[in-house]
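Working notes, structure below.
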Amino acid sequence: MDHAEKHKTSLPVADESTQIDPVCGMTVPADSPRSAEYNGENYVFCSDGCLKKFQDDPAGVLAKRSQKEASSGSSCCGGGAVVQTRETSNKSSCCGGHSSTKASDSPADPTAIYTCPMHPEIEQVGPGDCPICGMDLEPKVVALADEGEDKQYSDMKRRFWVGVALSVPLLVIAMGPMVGLRIADWMSQSVFGWLQLALATPVVFWCGWPLLVRGAKSFRTMNLNMFSLIAVGTLAAYLFSLVVVLLPGVIPEAFFENGVPPLYFEAAAVIITLVLLGQVLELRARQQTGGAIRELMKLAPDTAHRITDDGEEDVSLDSVHKGDRLRVRPGEKVPVDGKVLSGSSSVDESMLTGEPMPVKKVEGDEITGGTLNQTGALVMEAVGVGGDTVLNRIVQMVADAQRSRAPIQKLVDVVARYFVPAVIVCSILAFIGWAVFGPEPQLAHAFVAAVAVLIIACPCALGLATPMSVMVGVGRGAKEGVLIKNAEVLEVMEKVDTIVVDKTGTLTQGRPEVTGVETFGDWNENDVLTLAAAVEAQSEHPLAQAVVRRAKADELQLVEASEFNSITGGGVRARVDDHDVLIGKADLLDEQGIEGVDSGRDKAGSHQAEGATVVFVAIDKKLAAILAITDPIKESTPAALMTLHELGLKVVMLTGDAEPTAKAVATKLGIDEFHAGVSPEEKHDFVRELKKQGTTVAMCGDGINDAPALAAANVGIAMGTGTGVAIESAGVTLVGGDLRGVAAAANLSRKTMSNIRQNLFFAFIYNALGIPVAAGLLYPIFGVLLSPMIAAAAMSFSSVSVIANALRLRAAKLT
């Protein structure tokens, strides 16, 4: 038996329906599509990353797994991300697509997945720093308890304040002579140096330790970044000063100032302190960007009332399973997604729809987690729990979007790749230039210039420019019910010049009502409605439901229909009480050889001119009635269209309705262009044709019926409650299903991209001007050589300016 064969039977099976992933130790369904066979044994995996690791070295994976203690934790990462594993607890965690939005209520959760805001591909279990850029990692999904100070922020703040406490007296001692305070005259040169050394050492090697470690790591991995420059600059200043204190005799006279070798302890300490200030402000700002997610997460209650055979018990949401019966009392929030089993109540769904009016819920109705039960008591069945709830999917979508990268970031990546090596070269050239051509003391001036160039050129502002704007912008959109799938959508949405909209549910309320019935022959209104409702009861189309609602409102007795058949894009047919009933458009009835259709067309015109949709009902091959169905225009639609036009956007309406109906709605709303009688396939073709003409198109639909057109558009905008396909497929999901959301999305994209460009401008211009000034450009004119301390202050200010500019998006007016 070989090594792998010896270990293959050591993997536990959680139960008959699950197995353990041999790479990360997670419990995985036994029928997982990610599986591999090895030595006659079948193994299943939680993610493509785990599967690939196993396929690369199955014997090694099984050997390592068998050696792990039962109490140790496991970690994996799908997709080739850089992961550092922490053996922290007996829990297993995987970043291969299994993150839970509820995650943990503890900011110190040892199994939480952390990622880099600049490099989302970097993921690891627990906090740390990015191996590429050195920035602090942050939780991939914000937890509720993160509302307080996180560990990284508290640690950096503590280091900063200790740095301030030691740097201020050090600065006074060193720089006092510039203002007439000659402390050095009160003590020997040796004591003066040792005092500065005592004050500077804790600042550099305790306060600045995280910065130095990141700098060292950047050289070890050759991912040079801002911390590379900080580490080189501060250590150069500190170590030179240390040599002056310990071995003053080895310092060349070319370095001397006023007959003694200079000390740069204060420069090293102040640089570290100012960089720490920038880190503190950055971490604080990033905490604030999670506010939108935390507000969403607060919508879900902490517990649920589960009904069992033994009575009722209060359980945490994590303990609720699909199929559980739950009680929701008046005034409580619905814990998870589900279906009403008994009771009736009014439910406030404004967190989803934005509409203040409560919705009546009765037996059989769907109910969404996070909504507020107002009046009655409900018993519900849990259908969507954990990460499957609408609320959790929304939270995850916002979190993923905040971590995504806009295409414009590629420019920054290219610049950053060459920037740090170029700065080091500039620093060396500055040193050589001053050493050869500079005034006395030449080496002292050269050293100051070289360190100043390294410090002022730190590209932290450049790195923050894009991710900070994306994080704040996506969070701002979430507060308005505009869910952005990723940063690329923001960038494309800014370029959109044409908005294509459906009529029903987008411009209108999506809840049509039968407002007129005209009969033909011997048929009366009630008989026609009875037969028509029997057929339409088997259809989910909004117009069909309008007919059923009218029949119920008139207290008509619905009967069973048989041989039901749906005719795509045309209508429906069935047998009811030995009658052949056909319902649909006039053209369909013509195709089926129905008598009297022209009479119906004549009468339909007046209804269509008022914006009503007319449905033709044929019974036993003869026209029996026409039904005028009106879908009221949403109150917000006219104002939303006005905003879109003010933004310079062209609005095109595509609808399956007849020409007169479409024309009436388009004229009333001032829509630029409309097309009537359009099938879903024709919508798709229309959008593709617009794109061929060079138009950038955003298509608004319900995310299901309009799926082909949404996929064809440059940006798909799903209107509705954000359930099902809408959240998964569209680039933008409007939770409230309101056209105002389209205007908000357009405004948000423009403001966010403008903010990114402003940030990049600040960062590029700052470095373009700062490096020459630090190298000594102003010295021949004004006799000014930039101090490394001033360079550090300027560098920190550039980061703060970028952060402050990005945070302005939180107050941006979108509609």
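Computed from a predicted structure; not experimentally measured. Along the sequence shown, residues are numbered consecutively beginning with 1.
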For atom NZ of Lys360, decide whether the heavy atoms of other residues, nucleotides or ligands shown that lie under 6.0 angstrom number more than 12.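 Yes - once you tally the heavy atoms of other residues, nucleotides and ligands closer than 6.0 Å, there are more than 12.
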Using a cut-off of 6.0 Å, state whether more than 12 heavy atoms not belonging to Glu366 lie near its atom CD.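 Atom CD in Glu366 is not crowded, with 12 or fewer foreign heavy atoms closer than 6.0 Å.
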Spacing of [X] atom [atom1] and [Y] atom [atom2] [to the nearest 0.5 Å]:
| X | Y | atom1 | atom2 | answer |
| --- | --- | --- | --- | --- |
| Leu807 | Met471 | CG | CE | 9.5 Å |
| Ile803 | Arg808 | CD1 | CZ | 14.5 Å |
| Ser539 | Gln545 | OG | CD | 7.0 Å |
| Leu490 | Ser469 | CG | OG | 10.0 Å |
| Glu491 | Asn486 | CD | CG | 10.5 Å |
| Asp302 | Lys333 | CG | NZ | 9.5 Å |

Quick one: list whatever passes side-chain contact (heavy atoms from CB on, under 4.5 Å) with [X], sequence neighbours left out.
| X | result |
| --- | --- |
| Ser316 | Asp318, Ser319 |
| Asp631 | Thr504, Thr508, Gln509, Pro512 |
| Glu313 | Arg306, Thr308, Val315 |
| Ala698 | Met493, Val496, Ile499, Val715, Ile717 |

Do [X] and [Y] come within less than 4.5 Å of each other through their side chains, counting heavy atoms only?
| X | Y | answer |
| --- | --- | --- |
| Glu332 | Pro301 | no |
| Leu814 | Lys751 | yes |
| Val742 | Val501 | no |
| Leu378 | Met380 | no |
| Val347 | Leu372 | no |

What are the two closest heavy atoms between [X] and [Y], and how far apart are they?
| X | Y | result |
| --- | --- | --- |
| Lys361 | Asp365 | CA-OD2, 3.5 Å |
| Ser344 | Val362 | CB-CG1, 3.9 Å |
| Leu739 | Ala640 | C-CB, 3.7 Å |
| Pro330 | Gln374 | CB-O, 3.8 Å |
| Leu317 | Pro335 | CD2-CB, 3.6 Å |
| Leu326 | Ala304 | CD2-CB, 4.3 Å |

Please lay out, stage by stage, how Glu312 and Arg329 fare under the test salt bridge (charged side-chain N to carboxylate O under 4.0 Å, His left out). CA-CA 13 Å; Glu312 190 174 308; Arg329 296 165 183 155; 2.6 Å; yes
Taking [Y]'s backbone N and O only, do any of them form a donor-acceptor pair with [X]'s side chain (distance below 3.5 Å, no angle check)?
| X | Y | result |
| --- | --- | --- |
| Thr375 | Ser346 | yes |
| Asn373 | Gly376 | yes |
| Gln124 | Cys130 | no |
| Thr637 | Leu507 | yes |
| Ser35 | Val44 | no |

Those residues that, when tested against Arg549, pass salt bridge (charged side-chain N to carboxylate O under 4.0 Å, His left out) (two or more places apart):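 Arg549 satisfies salt bridge (charged side-chain N to carboxylate O under 4.0 Å, His left out) with Glu513 once adjacent residues are dropped.
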Applying salt bridge (charged side-chain N to carboxylate O under 4.0 Å, His left out) to Arg325 and not counting sequence neighbours gives none
State which residues pass side-chain hydrogen bond (donor to acceptor under 3.5 Å, both in side chains) with Asp310; sequence neighbours excluded, sorted by chain then number.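 In terms of side-chain hydrogen bond (donor to acceptor under 3.5 Å, both in side chains), with neighbours along the sequence ignored, Asp310 is linked to no residue.
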Using side chain to side chain contact (heavy atoms under 4.5 Å, CB included), reason through Ile484 and Leu748 one step at a time and then give a plain yes or no. CA-CA 10 Å; Ile484 307 294; Leu748 177 67; 4.1 Å; yes
